[in-house]
Amino acid sequence: MNKNLEIGYNGELIAAKYLREKKYEIIERNYRNKYGEIDLIAWDKKALVFVEVRTKVGQQFGSPEDSINWKKINKLKRNAAAYTALKKHAGVYRIDAVCIVLGENSSIERVTHYQNITFWRVG
Amino acid sequence: MLVKVASALNLGLNTMEMEVEVNVASRGLPAFDIVGLPTKAVAESKERVRTAIINSNIQFPERRIMVNLAPGDVPKEGSFYDLPIAVGILATVMGFKLPEKSVFFGELSLDGTLRHVKGALLLALFAREKGIKNIFLPKASANEAAVVKGVNVYPVESLSQLLFFLCGQITFELAVYKVNQSEQSVSAAEFDMSEVLGQEQAKRAMEIAAAGNHNLFMVGSPGSGKTMLARAFPGILPLLNEKESLDVTKIYSASGRIPPRGSLMTTRPFRAPHHTISPAGLIGGGSRIKPGEVSLAHRGVLFLDEFNEFPRTALEALRQPLEDGCISICRSKEKITFPSQFTLIASANPCPCGYLYHPKKTCICTRREIEKYKKRISGPVLDRIDLYVEVPVVDIKVLSCDERIKKSLELSEKIRQRVVKARDLQQRRFDKEGIYTNAEMRNKHIKKYCRLSKEVNQVLINAGANFQLSARAYFKMIKIARTVADLENVQDIEVSHIAEALQYRPQDKDGG
């Protein structure tokens, strides 16, 4: 496996574990359709949550938060809409982000969970 | 869930009912959208509302929020809709009932406090007219609204305070109108009339102009004191009466010129725009129509220094406001009428170099140059000016005269007392006519209030032939004579009054 893919995969594992601890029920991983990919889909009580996981080793090349741009958010919105339509979900849903920074030897420096990133004003 | 919050919309000096509809959906992706033709400042209210709610320690709902500003076809301008939007959102989330017959108006600061807004007075007047009982306004703007009796003005300090009130946890102290002392004491005049040495004729003309609200044109060489005289003019004007004060404050409130915690304006405005002003700046206009200098000078003074230097388009545009006392501005999207009943004081040099008719210096202008200079002001504009006065050069000897003479010069206050008396007389006379001063008289008023004896009429007819008076100028002479008579507290116009009025006609020294 390519090194960056491996980092991303590890990040998603960390995020899933983190969310499970927060009592989220994860129902999909790496859900793919023609609009792109959603890293995690989970239930937070009655809300359906689409989670984008971003992982970085160190922050010298920018923080994981910085790497989420409006294009990605728009993609997620479209994808989430498609998913809710497909599954006939008629309730509240939202888009979250989990940003993870890893240390040199794969140690976890921080995990930050952002609820509802739809309002992020990003470049 | 849908909540409707009443608010209002200011268009020029008119106010319209507006409804803020807030719908918080129970499905879908969290979003926050505003529809109903919001301009930039309104669209940005999203960010202010969201941050203010969060900073008031209330969770912002992660729901799909749709705000509609109805009616949807009128462009919404300004930042006053923050408060109704925030109240609407919180009402849906927290489920409190909004008080009946209430309007909300205000701009939110990011920390959840409310900021001063323009147009609070207009809103209060509108509320009284429409039978709206309660208005919720930022505390800084509440005072000007509290002038209006019969409406409960709630001075809101912050969003959280308002919420506690709406949830029934605290009570509000209604705003009570307080006269702002610091504003009252501001004396409008820079100079006192007694500081101007000589220039007795000009001072007399100013007294007449102040007493009857007549327009005045001063011509004189550079440095003769034209500007100083004009700057001293506010000092001899009476204060605004109650109705005038409300009218003037309305204009200033609509254009956001009333300071926070400000009260009604009592001194007459004095506007002195520079001659590089654009026609829209002078008359009013812009893509969102705003009052111009002529309206900001309503019931006050518009001083145009270096009259000939103003752009011709701007000067010609003065015709309607000078004649009608109001200005209608029509643009493709809207038509707005602003009042503009002002005293015009214009000043100019006699020629480009400035020394024509100077007793000692020689004018270096060619005849053509002088003609060109004079032509910059058209006949129709000149015809609308009542009083012409020459401001001659003051002899240096007079300037260095001894203190005794200086002390004998009249103080502004003394002149003002005479002006106030004359104006009181006019106000009583025109009580039922809807006007205040002699200059506003229409022909029917002149017929009614300016009876001329045979003798006086003969003088006027002779003068009309000699001076080639236009019909308008003829009536202007009568109006000025009326003011002169009022200053003397005389019932009927006498020959001496007409004779004085005739002195303020433009004099053509070149004899044709």
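Sequence lines set the chain letters: A, B, ... in the order given, protein chains first and strands last, and positions in each chain run from 1. Since this is a predicted model, take the numbers as computed values, not measurements.
Enclosure of atom CD in A/E104 is not indicated, since only 12 or fewer non-hydrogen atoms of other residues, nucleotides or ligands lie within 6.0 angstrom. Counting non-hydrogen atoms of other residues, nucleotides and ligands closer than 6.0 Å to CZ of B/R288 gives a total above 12. Environment of NZ in A/K23: sparse, with no more than 12 heavy atoms of neighbouring residues, nucleotides or ligands closer than 6.0 Å. The number of heavy-atom neighbours closer than 6.0 Å to NZ of A/K75, taken from other residues, nucleotides and ligands shown, is 12 or below. Counting non-hydrogen atoms of neighbouring residues, nucleotides and ligands closer than 6.0 angstrom, the CD atom of B/Q169 exceeds 12 such neighbours. Heavy-atom contacts from other residues, nucleotides or ligands closer than 6.0 Å to CZ of B/F165 number more than 12.
Contact of A/A80 with chain B is not made at all, since no heavy-atom distance falls under 4.5 Å. For B/R64, no part lies under 4.5 angstrom from a heavy atom of chain A.
The nearest pair of heavy atoms linking A/F119 to B/F60 is CE1-CE2, 4.3 Å. Between A/T118 and B/P30, the shortest heavy-atom distance links the atoms CG2-O, 3.5 Å. Of all heavy-atom pairs between A/R94 and B/L29, the closest is CA-CD1, 3.9 Å.
In terms of heavy-atom pairs under 4.5 Å with chain B, the best-connected choice from A/I95, A/T84, A/V92 is A/V92.
Here A/D44 contributes atom CG and B/E62 contributes atom CD; the two are 9.0 Å apart, rounded to the nearest 0.5 Å.
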